Amino acid sequence: MFYITKLFGARKERPYVPVQPSKEGIFKGAHRKALEMETASTRTTDMPANTANAEWTVSSEALSNHLILTQIFRHFDTRTLLNLSLVNKTFCCSARSALRRKRCLAYIDGPDPCNELLLLNDSLVKSPDAPYTGLAIRITRNCSYPSCQELDVALTYPALLSMKHRHLEIHCEKESNCSAQRLLMLILKECGKNLKELKISALPHDIISLEEWIGIDEAAWLAKLKVLNIYSEATVKRSVKHELIQASPQLEKLLGFYSHDDLDFLLEQNKASKVDHFIFRHCFRWFSSERMRSQYKINCINNSIRFAAASPKLTMLTVGDLDRYFYGNASHEAVESFKIFLKSVAPSLEELRTDHFDLVLMLLQTPTQPMTQVERLEFTFCNRMDQNFGFPTLERLDWGRWFPNLKTVHITRRYSFSTIWDISEDVWNTSQFSPCSSVQEIVLVQELSNELFNSFDFEAMTHLTRVFPNVKEFTIFGVASQLDSLLELLWTWPQLETINLRSVKIKAGWYNKDSAFCGMPKKQVGMYIKKSPAALRNINFVPSEPSILSLTKLKNLSLEFIHPIRDINWDDSIPGILHPSRFFLSHVTGVLAFSRMPQLRVKIVRESCCDRCRYKLDHLTPYVSLVDVDGEYIEQNCKY
């Protein structure tokens, strides 16, 4: 991002130098086009070339009519409208008019927001027909311009204060006297009555009342607010969230996650039906006595039933710790309350987040109607649970019935120290299995920082190809020592069209994967690697094991390598170190695999530290596309 440095006072080490913004713009999103829009607004309407018999066609006249253009532009997205505003004066006027009916924010997220806001204010002064409907302000550190603390906000940012703010996004991590923060407080105080959408992702930790912070004493000061999005209770206090709900009488949707701890308040305010995201998680609390814990759980059970009766239209649900909720005191009531709750929210759900055991419990012990709108499922996979029961538990679920329209499955790794998974044998015996044929994409995420606890056991996950047989796109973030077993799994997914291996971390000195890609023994690879590419083309090669050649529909293969900070570059004197031309893949895979798949496009994102670096992979240039990334830090730390 391009930022302009404009100081708010004289400082010897950094004198004030007014700089005119370049046409590249200084803000993300809509504001990147601000200066081009100003230019476009001064243009005259484009006319057809002068010829002897030139006439306006019907379409030309229609596209020069502001009323017609306004109706057409209503159907375009924000990015398209920004581009159309650069065509001519008529298009610019109509596009900006359409943008003001949508959601078009000026993003302020640089290191010095007060400076960016000043430039934006100047731009608005010069262009009164601005398309913005609000601001997105991000403040993450103390201001580097002490003199800005003395500025009068009303005099410094008059155009920003007079703008009709309908949308506002706030991310403020630090409490300061910076003019950007004071402007933010003034916008909330003066323009809060006109806001339609408000999103807060962070506030200074010591703020427990937003009304006290900005100095407002009106009851319904967010009179027109329709959508409230509080990102997380970790960064915004629950008291602030409840305060904003009370100040919004016209509220229609509550985004951000709400939990059992919010239900008493939401039910009292008759706002339970407005909740869009909800966390149904274990209600146990460390109270001082068993009686108090039991009373708390009973209160949560009753609130769950009352919440379901409010008919909330949830689109996202997170479920956790069902085993603790179901078992213990009032276990029957807990199970029944969850059945009622799930039956109420299932018709509107679009995304479900849970873990392995809770997913099994939910589908086996609390049967409800199919979740027909759910298109994304995210869960943590626990291999120890399958080992405990002695079979792949995901293969005992009726996927086709519960998730008939599921499109994306997101799986993370979970290591569980628990050895108690209580599901009776009778429940397993009555379960039915059906595959989820609608799933098109699978995403796996694992942390490389602790492979012992966070890595997948791909040999124990082969049943995924039977549970989700029609997957077309597979992506994994974090691949290390299990690359061979991962490839063996992938080669058995016949419908795959795209494979993305992100953050591949393997030692450059020791590994060659020709055998896994070509489906041949390593001894055979050793024979072929001595042959030239021309000689290999004449070999009638047939894989003896599953290989990339098994994926006849594969169109895209993308790999992104992580260069270790300390790795061994090639040196003839080091015994056992592979020659750079054999690292990862050699010409054997290029000729016997990639060249025999004309529809396949292979892209490798590489980091290289020097000319001798193995991660350059230049020997694969005839067969793949190599993409460089910035390796400056590696070059400084990888000297041998």
Side-chain angles (χ1 to χ4, degrees), residues 411 441-448 451 455-456 458 461 471-493 496-520 525 529 543 546-565 567 570 578-609 613-631 634 638:
I411 305 174
E441 179 185 9
I442 285 186
V443 179
L444 271 62
V445 179
Q446 64 179 353
E447 297 180 15
L448 296 179
E451 290 188 55
S455 60
F456 290 106
F458 295 111
M461 298 174 69
V471 171
K472 294 184 178 180
E473 182 173 351
F474 178 92
T475 301
I476 182 170
F477 294 88
V479 185
S481 58
Q482 343 87 311
L483 181 58
D484 285 346
S485 58
L486 170 62
L487 295 176
E488 291 177 7
L489 171 65
L490 294 178
W491 303 158
T492 60
W493 241 314
L496 277 177
E497 296 180 1
T498 300
I499 296 176
N500 300 306
L501 307 182
R502 309 288 189 228
S503 302
V504 179
K505 184 179 181 181
I506 59 177
K507 288 289 185 179
W510 317 101
Y511 293 100
N512 175 274
K513 302 299 179 183
D514 286 325
S515 175
F517 271 81
C518 296
M520 70 173 81
V525 172
I529 208 167
S547 69
I548 193 173
L549 293 167
S550 305
L551 305 182
T552 57
K553 298 183 179 181
L554 188 64
K555 299 178 182 178
N556 299 288
L557 172 62
S558 176
L559 302 101
E560 294 182 3
F561 284 98
I562 296 178
H563 190 307
I565 297 303
D567 201 7
W570 180 68
L578 291 174
H579 188 277
S581 64
R582 298 185 181 185
F583 166 58
F584 185 59
L585 296 174
S586 71
H587 65 284
V588 173
T589 298
V591 175
L592 299 184
F594 296 160
S595 296
R596 298 189 181 193
M597 304 176 71
Q599 81 285 359
L600 178 62
R601 298 293 177 266
V602 183
K603 181 182 75 172
I604 296 180
V605 180
R606 62 183 181 177
E607 289 180 315
S608 59
C609 61
C613 180
R614 295 171 176 277
Y615 292 90
K616 289 180 70 67
L617 299 171
D618 287 338
H619 61 284
L620 296 177
T621 302
Y623 317 105
V624 307
S625 298
L626 297 174
V627 180
D628 291 311
V629 295
D630 184 15
I634 296 171
C638 189

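This one's a predicted model, so the numbers in the text were calculated from it and none came from an experiment.
- When atom types are taken as modelled, the side chain of His619 and the backbone of Leu585 share a donor-acceptor pair closer than 3.5 angstrom.
- Side-chain atoms of Glu560 and Asn500, non-hydrogen and from C-beta on, never get closer than 4.5 Å to each other.
- Atoms CG and CZ, from Asp484 and Phe458 in turn, are 11.5 Å apart once rounded to the nearest 0.5 Å.
- You'll find the side chain of Leu559 stays beyond 4.5 Å of the side chain of Val605, heavy atoms only.
- Taking the side chain as every heavy atom from C-beta outward, Phe561 and Val479 never approach each other to under 4.5 Å.
- Residue Phe456 holds its CZ atom at 5.0 Å from CE of Met461, rounded to the nearest 0.5 Å.
- At distances below 3.5 Å, not a single donor-acceptor pair connects side-chain atoms of Asp514 with backbone N or O atoms of Val588.
- Between Leu626 atom CG and Leu617 atom CG the span is 6.5 Å, to the nearest 0.5 Å.
- Between Leu549 and Trp491, every side-chain heavy-atom pair lies at or beyond the 4.5 Å cut-off.
- If you check the side chains of Arg502 and Ser558, you find a donor sitting under 3.5 Å from an acceptor.
- In this structure, CG on Leu486 lies 9.5 Å from CD on Glu488, to the nearest 0.5 angstrom.
- Annotation: side chain of Val443 is not in contact with side chain of Ile476 (no heavy-atom distance under 4.5 Å).
- Within the model, atoms CG of Leu483 and OG of Ser485 stand 8.0 Å from one another, a figure rounded to the nearest 0.5 Å.
- With a 4.5 Å cut-off on side-chain heavy atoms, Leu557 and Arg601 do not count as touching.
- Between Trp493 and Phe474, the ring-plane angle classifies as tilted under the 30° and 60° cut-offs.
- Here the straight-line distance linking atom CG of Leu487 with atom OG of Ser515 works out to 10.5 Å at 0.5 Å rounding.
- Looking at Lys553 and Glu497, no side-chain N of the basic residue comes within less than 4.0 Å of a carboxylate O on the acidic one, giving no salt bridge.
- Judged purely by atom type and a 3.5 angstrom limit, Gln599 uses its side chain to pair as donor or acceptor with the backbone of Leu554.
- Smallest separation of non-hydrogen atoms from Pro546 and Ser550: CA-OG, 3.8 Å.
- Met597 places a side-chain heavy atom less than 4.5 Å from the side chain of Ile548.
- Proximity of Phe583 to Asn512: side-chain heavy atoms (C-beta onward) are nowhere separated by under 4.5 Å.
- Counted within 6.0 Å of NZ on Lys513, heavy atoms from surrounding residues, nucleotides or ligands total more than 12; the atom is thus considered enclosed.
- The closest donor-acceptor contact from the side chain of Thr621 to the backbone of Asp618 lies under 3.5 Å.
- A donor-acceptor pair is defined here as one N or O able to donate and one able to accept, closer than 3.5 Å; such a pair exists between the side chain of Ser595 and the backbone of Gly590.
- Closest approach of Thr589 and Cys518 over heavy atoms only: OG1-SG, 3.5 Å.
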